[in-house]
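One structure is given below, encoded as structure tokens.
We count ligands from 1, going down the list as the structure has it; atoms in each ligand are counted the same way. Index from 1, following the sequence. Just so it is clear, the values below take in all heavy atoms, side chains as well, and ignore hydrogens, waters and symmetry mates. Not measured: the values here are computed from a predicted model.
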Amino acid sequence: MRAFFRIAFVLSAIWLLAHPSASQAHAIIVSSSPAAGATVSGDTVAIRLHFNSRIDHARSKLTLLAPNGASRVLTPASDAPADELNADAKLLPAGAWHLRWQVLSVDGHITRGDIPFTVR
Ligand SMILES: [Cu+2]
């Protein structure tokens with residue numbers, strides 16, 4: 001029985017070494033502009049998503065869903081900081097919008113989310 005515990009301990013130590021900060025590695029959103037539930041002017045909406053880790057800009061996506069259900073794919077700014085996904089959207093009609101984001105973090109994991117906001 002003592003040998004069993006020793007093997008279990010060694011295996012769990014190996015697992016921890018192989019997965020450093022496994023739970024913190026995914027890109028989690030820290031703050032966003034617009035914030036969820038915010039009301040903004042539709043002339044120019046500066047989209048700024050800040051994550052807790054570096055992301056792969058080229059393999060991350062931003063899509064706007066219009067009040068009528070149409071979708072608009074945004075091109076993320078390539079010169080954004082390593083932990084931000086940014087884009088500018090112009091001339092958005094008034095109504096209820098959704099910002100869908102999908103990011104690939106440098107650890108290879110994909111996370112996604114949906115930020116509802118209103119254009120006045
Ligand atoms: Cu991850």
Side-chain angles (χ1 to χ4, degrees):
M1 202 58 184
R2 185 168 289 184
F4 169 81
F5 281 117
R6 188 167 295 168
I7 290 167
F9 175 79
V10 170
L11 287 177
S12 60
I14 289 170
W15 192 90
L16 286 173
L17 286 172
H19 299 80
S21 65
S23 62
Q24 298 171 0
H26 304 31
I28 295 165
I29 202 158
V30 175
S31 65
S32 74
S33 179
T39 298
V40 300
S41 159
D43 298 339
T44 300
V45 180
I47 293 165
R48 304 285 181 265
L49 304 184
H50 187 198
F51 294 87
N52 68 331
S53 69
R54 292 158 51 89
I55 60 169
D56 184 333
H57 291 109
R59 292 182 179 81
S60 298
K61 296 174 190 165
L62 282 173
T63 306
L64 278 175
L65 295 181
N68 67 3
S71 64
R72 222 194 254 201
V73 175
L74 300 173
T75 304
S78 55
D79 59 349
D83 59 353
E84 289 184 20
L85 189 60
N86 299 338
D88 287 329
K90 294 185 194 309
L91 303 176
L92 303 185
W97 289 74
H98 286 263
L99 173 64
R100 293 257 163 90
W101 58 266
Q102 175 179 307
V103 303
L104 177 68
S105 69
V106 288
D107 74 344
H109 291 143
I110 291 172
T111 49
R112 46 179 74 87
D114 183 302
I115 298 169
F117 66 96
T118 301
V119 172
R120 72 169 76 91

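When the Cu ion (ligand 1) is compared with the N/O/S atoms of D107, atom OD2 turns out nearest. Looking at H109, its N, O or S atom nearest to the Cu ion (ligand 1) turns out to be ND1. Sorting the N, O or S atoms of H26 by how far they are from the Cu ion (ligand 1) puts ND1 first.
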Anything under 3.5 Å between a donor and an acceptor, one on a side chain of residues 55-67, the other on a protein residue two or more places apart or in another chain? List them.
from: D56; atom 1: OD1; to: A58; atom 2: N; distance (Å): 3.1
from: D56; atom 1: OD1; to: R59; atom 2: N; distance (Å): 3.3
from: D56; atom 1: OD2; to: R59; atom 2: NH1; distance (Å): 2.8
from: H57; atom 1: NE2; to: P81; atom 2: O; distance (Å): 3.1
from: H57; atom 1: NE2; to: E84; atom 2: O; distance (Å): 2.7
from: S60; atom 1: OG; to: D56; atom 2: O; distance (Å): 2.7
from: S60; atom 1: OG; to: L104; atom 2: N; distance (Å): 3.2

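Between F117 and W97, the ring planes are parallel. Angles under 30° get that label, and only those over 60° would be called perpendicular.
At least one donor-acceptor pair closer than 3.5 Å links the side chain of N52 to the backbone N or O of I28.
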* To do: Could you give me the CA-CA distance, side-chain angles and deciding distance for L99 and L49, then say whether side chain to side chain contact (heavy atoms under 4.5 Å, CB included) is met?
  => CA-CA 10 Å; L99 173 64; L49 304 184; 4.1 Å; yes
